[in-house]
There are 2 protein chains.
Amino acid sequence: MVTPTSLLNLDRQLCFALYSSSLAMTKAYKPLLAELGITYPQYLVMLALWQHSPLGVGELGARLNLDSGTLTPLAKRLQVMGLIDRNRCEHDERNVEISLTAAGKLLQARAEPLPLCILQLTGLQIPQLESLTSQLKTLRDELVANTQTRATAANHSVSPNPNPTPTAEHTPGN
Amino acid sequence: MVTPTSLLNLDRQLCFALYSSSLAMTKAYKPLLAELGITYPQYLVMLALWQHSPLGVGELGARLNLDSGTLTPLAKRLQVMGLIDRNRCEHDERNVEISLTAAGKLLQARAEPLPLCILQLTGLQIPQLESLTSQLKTLRDELVANTQTRATAANHSVSPNPNPTPTAEHTPGN
DNA sequence: CACAATTTAATTGTCAACAATATAATTGGC
DNA sequence: GCCAATTATATTGTTGACAATTAAATTGTG
């Protein structure tokens, strides 16, 4: 069975282009991060902490768009490696503050060259890189705003998806 | 500790924009795919099979950039759901042919509206969508070409990464 | 103060992604 | 034909992502 052209064609899907390029990026980082002894998601957590430390689990999750089910075990591994500390906040024992250790701070210096290493692997020039990054951030924010979350309480945003673009409910396939 | 500007700034990273937008896309698809009873990676496999069935595990992996360690259990779940069949090839018993069942083919009709549903959630117009998709495919292919794989045998491509762009091996941070 | 509602993390279970390894079939010298 | 190398898939173990649930602390209202 061969279906050459359809809106469901794999190579036309933005979703698959996103998915496969994101995985490809992870694989590109892997050998570089292996020298630092961390994985790609762990690197993202370190990026957030290098920018601001300490951060609560919730605040970290808000910046990375990840929940505690992902961050808690991930942070425990970073703690075992000695890169971060995890402590209950004194004034509100519900909060867990995640902070860089001295070793965690020192790792930043070794990570500094990474963005330029990766830039070379992308084949992009700086303006293209910034343009693509900007487009993706816009896309992400739009998707987050228009996707109803499974949160228990009310969404404090205006509305999940009232009717963002009243265009083509259905159009003839190309 | 606050570090306002650095090349390591989280929100400047293409890698994080990719990562977070890809996860956001997965979450956007989730409630729609739940009605079809499949997950997002399962949907990608079905997309590939709707385009061409049967496909060997290896060929499927080549199209999706996934290996057998991911695809084998995923395909088994689709088989249990009755959407695909898995059979050893007669002429080469090493190959496993994955083919759509009648139910798998029927599911395509219910998936047809999805791309347009998602398009609305993205807030993009068609030209922007196609441009972004194209940029991401180019990026993915460049990253794959420049990332040395852990394959046992020799890489049959020219070379992992001889010296694609001999620019800035290191530059002063901004 | 008491207590229900809320907030915050952690836990549990399922599905994924992948390195490393194992298993089985095939191919190519000899 | 025999056997080493190769090819193709499956298995195992680790890390991640997330829904659903649990546990604990805090807040607000009476």
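We name chains A, B, ... by the order of the sequence lines, and we start the count at 1 in each one. For clarity, every value in this text was computed on a predicted model and none was experimentally measured.
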Legend entry - Cluster link A:M25 to B:L7, ILVMFWY, side chain under 4.5 Å: yes
Legend entry - Side-chain N or O of B:K30 closer than 4.0 Å to phosphate OP1/OP2 of D:dC18: no
Inset, instruction - Give a yes or no on whether the backbone of B:L83 and the side-chain of B:T101 come within a donor-acceptor separation of less than 3.5 Å. - result: yes
Inset, instruction - Mark yes or no for whether A:T72, through its side chain, and A:S68, through its backbone, hold a donor-acceptor pair below 3.5 Å. - result: yes
Inset, instruction - Mind calculating the distance between CD (A:E97) and C1' (C:dA9) to the nearest angstrom? - result: 13 Å
Inset, instruction - Please report how far the helix from C:dC1-D:dG30 to C:dC30-D:dG1 bends, comparing the axis fitted to its first five pairs with the axis fitted to its last five, to the nearest 10 degrees. - result: 0°
Legend entry - Length of the CD-P vector between A:Q79 and C:dA9, whole Å: 15 Å
Inset, instruction - To the nearest 0.5 angstrom, please state how far the CD atom of B:Q128 sits from the OG1 atom of A:T138. - result: 9.5 Å
Legend entry - Identified side-chain contact (heavy atoms from CB on, under 4.5 Å) counterpart of B:T133 within the set B:K137, B:E130, B:Q135: B:K137
Inset, instruction - Find which nucleotide of DNA chain C each of A:G56 and A:A24 is nearest to by heavy atoms, and output the residue with the more 5' nucleotide. - result: A:G56
Legend entry - Interatomic distance, B:Y29 OH vs D:dA17 P [rounded to whole Å]: 20 Å
Taking N or O atoms only and anything under 3.5 Å, show me the protein contacts with nucleotides 25-28 of chain C, one pair per line.
unit_1: C:dT26; atom_1: OP1; unit_2: B:E93; atom_2: N; d: 3.2

Please list, one pair per line, the donor and acceptor atoms closer than 3.5 Å that link side chains of residues 33-42 of chain A to other protein atoms, with sequence neighbours excluded.
unit_1: A:T39; atom_1: OG1; unit_2: A:Q42; atom_2: N; d: 3.4
unit_1: A:T39; atom_1: OG1; unit_2: A:Q42; atom_2: OE1; d: 3.4
unit_1: A:Y40; atom_1: OH; unit_2: B:C15; atom_2: O; d: 3.0
unit_1: A:Q42; atom_1: OE1; unit_2: A:T39; atom_2: N; d: 3.0

Inset, instruction - Flag yes if B:L8 and A:I126 sit in one hydrophobic cluster, no otherwise; membership is Ile, Leu, Val, Met, Phe, Trp, Tyr, and two members link when side-chain heavy atoms are under 4.5 Å apart. - result: yes
Inset, instruction - Round to a whole Å and report the spacing from OH of B:Y19 to C1' of D:dG16. - result: 7 Å
Inset, instruction - Measure from CG on B:L64 to P on C:dA16 and round the result to the nearest Å. - result: 12 Å
Inset, instruction - Check the distance between D:dT15's C1' and B:L23's CG and give it to me in whole angstrom. - result: 14 Å
Inset, instruction - Starting at atom CG of A:D67, determine the distance to atom P of D:dT21, rounded to an integer number of angstrom. - result: 15 Å
Inset, instruction - Could you tell me which residues satisfy salt bridge (Lys or Arg N to Asp or Glu O under 4.0 Å) with B:R110, sequence neighbours excluded, listed by chain and number? - result: none
Inset, instruction - Quickly work out the B:F16 CZ to D:dA17 P distance and round it to whole Å. - result: 11 Å
Any protein N or O atoms within reach of nucleotides 10-15 of chain C? Criterion: under 3.5 Å, listing atom names and distances.
unit_1: C:dA10; atom_1: OP1; unit_2: A:R86; atom_2: NH2; d: 2.8
unit_1: C:dA10; atom_1: OP2; unit_2: A:T72; atom_2: OG1; d: 2.7
unit_1: C:dA10; atom_1: N7; unit_2: A:S68; atom_2: OG; d: 2.8
unit_1: C:dT11; atom_1: OP2; unit_2: A:K76; atom_2: NZ; d: 2.6

Legend entry - Sidechain-backbone polar pair: A:S53 side chain, A:L100 backbone, donor-acceptor under 3.5 Å: yes
Distances for protein N or O near nucleotides 2-5 of chain C N or O, under 3.5 Å:
none

Inset, instruction - Say whether, by atom type as modelled, one donor and one acceptor occur between the side chain of B:Q79 and the main chain of B:I98 under 3.5 angstrom. - result: no
Inset, instruction - Determine whether B:L44 and B:L66 make a side-chain contact, defined as any pair of heavy atoms from C-beta on separated by less than 4.5 Å. - result: no
Legend entry - B:R88 side chain to B:V96 backbone, donor-acceptor under 3.5 Å: no
Legend entry - Exam field: side chain B:W50 to backbone B:G104, donor-acceptor pair closer than 3.5 Å: yes
Inset, instruction - Treat each ILVMFWY residue as a node, draw an edge where side-chain heavy atoms are under 4.5 Å apart, and state whether A:M46 and A:L116 are in one component. - result: yes
Inset, instruction - Would you please confirm or rule out a distance under 4.0 Å between OP1 or OP2 of C:dA9 and any side-chain N or O of A:N95? - result: yes
